[in-house]
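Inspection log for the structure reproduced underneath, given as structure tokens.
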Amino acid sequence: GDCLLLPTNLHLFATASDTDGQVDHVEFYNHSTMLGAKSTAPFGFVWTNVPPGQHLLTAVAVDNLGARTTSGPVAFSASFAASLTIDDVTVFEGLAGTNAIFTLTLASPSCRTVSVEVATADGTALAGFDYLAVQASLTFLPGETTKTFAVPVLGDSLLEPDETFF
């Protein structure tokens with residue numbers, strides 16, 4: 001389905017007619033929750049501050065005798081623009097070395113695929129001596145919020161202060 005970028009308002013419109021009377025009003029629904037109704041043509045409604053998530057919209061036309069007709073459903077997803085964080089990691093390198101495992105987190109699930117490039121950069125630690133440089137592309141599929149990547153930390157027997165890389 002389609003993916004709507006938030007925040008936004010959504011303008012909903014329905015065309016309705018009645019061959020044996022008149023349309024009294026049209027109700028607009030997201031799943032089973034009524035969003036609003038309009039009693040005069042043109043039958044429209046503005047859904048303000050659409051929330052993130054999966055949506056299924058329908059319009060129900062009600063005539064002057066109470067008969068109801070429901071439109072076909074319209075499905076879509078909505079999400080905010082991707083906002084990404086990465087955690088800080090502390091590891092003890094030891095003689096054998098280890099991996100520093102980093103976690104990237106999206107602030108909220110996206111209904112779009114989100115790709116990000118990650119790369120290490122020297123701080124007081126030096127690539128090739130203290131750790132192995134990493135450059136990678138990570139992809140969050142719709143709905144995913146976390147990804148991890150490993151940076152190999154090289155072990156040695158040197159007595160050295162804490163070191164950093166980015």
Side-chain angles (χ1 to χ4, degrees), residues 1-91 98-121 132-153 164-166:
D2 290 323
C3 179
L4 184 65
L5 184 61
L6 300 176
T8 194
N9 298 329
L10 191 59
H11 296 261
L12 308 174
F13 295 97
T15 302
S17 60
D18 187 5
T19 58
D20 65 351
Q22 66 183 30
V23 175
D24 182 67
H25 65 278
V26 174
E27 301 166 350
F28 296 91
Y29 288 87
N30 178 34
H31 296 280
S32 60
T33 302
M34 189 190 316
L35 301 171
K38 181 78 185 288
S39 59
T40 57
F43 299 106
F45 172 76
V46 178
W47 186 11
T48 58
N49 298 315
V50 175
Q54 302 292 321
H55 300 287
L56 187 66
L57 301 181
T58 54
V60 178
V62 182
D63 75 6
N64 58 317
L65 300 175
R68 302 170 67 84
T69 300
T70 303
S71 70
V74 175
F76 70 95
S77 299
S79 65
F80 292 99
S83 174
L84 184 73
T85 58
I86 186 169
D87 63 345
D88 290 329
V89 176
T90 300
V91 296
T98 189
N99 283 322
I101 307 294
F102 292 89
T103 301
L104 280 78
T105 305
L106 289 179
S108 62
S110 177
C111 55
R112 292 181 168 83
T113 298
V114 175
S115 296
V116 61
E117 299 292 324
V118 295
T120 54
L132 296 181
V134 172
Q135 184 172 351
S137 177
L138 300 175
T139 301
F140 293 83
L141 297 176
E144 292 182 335
T145 56
T146 60
K147 291 287 179 182
T148 59
F149 72 97
V151 176
V153 175
T164 61
F165 61 87
F166 306 97

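Given the structure is predicted, the values throughout are model-derived calculations rather than measurements. As a basis for the values below, the full set of heavy atoms in this structure was taken, side chains included, without hydrogen atoms, waters or symmetry mates.
Open room surrounds CG on Asp88; 12 or fewer heavy atoms of other groups in view lie less than 6.0 Å from it.
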Please assess Leu10 against Leu57 for the test side-chain contact (heavy atoms from CB on, under 4.5 Å), listing each intermediate value before the final yes or no. CA-CA 11 Å; Leu10 191 59; Leu57 301 181; 4.0 Å; yes
For the pair Leu6 and Val50, evaluate side-chain contact (heavy atoms from CB on, under 4.5 Å) and give the outcome as yes or no after the intermediate values. CA-CA 7 Å; Leu6 300 176; Val50 175; 4.0 Å; yes
Under the side-chain contact (heavy atoms from CB on, under 4.5 Å) rule, what do Ser79 and Ser108 come out as? Steps first, then yes or no, please. CA-CA 8 Å; Ser79 65; Ser108 62; 5.7 Å; no
Is there a side-chain contact (heavy atoms from CB on, under 4.5 Å) between Val60 and Thr69 once you walk through the steps? CA-CA 6 Å; Val60 178; Thr69 300; over 6 Å; no
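Annotation for Asn99 and Pro152: closest pair OD1-CA, 3.2 Å, computed over non-hydrogen atoms. Closest non-hydrogen pair, Trp47 versus Phe76, comes out as CZ3-CZ, 4.0 Å. Contact detail for Ile101 and Thr148: the closest heavy-atom pair is CG2-CB, 4.1 Å. Heavy atoms only, all atoms of each residue included: Phe13 and Gly44 are closest at CD2-CA, 3.8 Å. Summarising the geometry of Asp18 relative to Gln22, their closest heavy-atom pair is OD2-N, 3.4 Å, with the distance given to 0.1 Å. Across all non-hydrogen atoms, the minimal contact from Leu5 to Ala81 is CD1-N, 3.6 Å.
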Determine all donor-acceptor pairs shorter than 3.5 Å in which one atom belongs to a side chain in residues 33-43; sequence neighbours excluded.
| residue | atom | partner | partner atom | Å |
| --- | --- | --- | --- | --- |
| Lys38 | NZ | Pro42 | O | 3.2 |

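Residues satisfying the ring-ring contact (aromatic ring centres under 6.0 Å, His included) criterion with Phe149, sequence neighbours excluded, are Phe102.
In this structure, Val116 and Ser137 have side chains that are not in contact, with every pair of non-hydrogen atoms separated by 4.5 Å or more. Counting heavy atoms from C-beta outward, Asn9 and Asn49 have side chains that approach closer than 4.5 Å.
With values rounded to the nearest 0.5 angstrom, Ser71 atom OG is found 11.0 Å from Tyr29 atom OH. In this structure, CG in Leu138 is found 11.0 Å from OG1 in Thr146, a value given to the nearest 0.5 Å. Note that CG of Asp2 is 9.5 Å distant from SG of Cys111, once rounded to the nearest 0.5 Å. Distance check: Thr139 OG1 to Lys147 NZ gives 7.0 Å after rounding to the nearest 0.5 Å.
Not one N or O on the side chain of Thr105 forms a donor-acceptor pair closer than 3.5 Å with the backbone of Thr85. Between the side chain of Arg112 and the main chain of Cys3, a donor-acceptor pair closer than 3.5 Å is present.
Screening residues 53-66 for side chain to side chain donor-acceptor pair (under 3.5 Å), with sequence neighbours left out, gives Asn30-His55, Gln54-Ser77.
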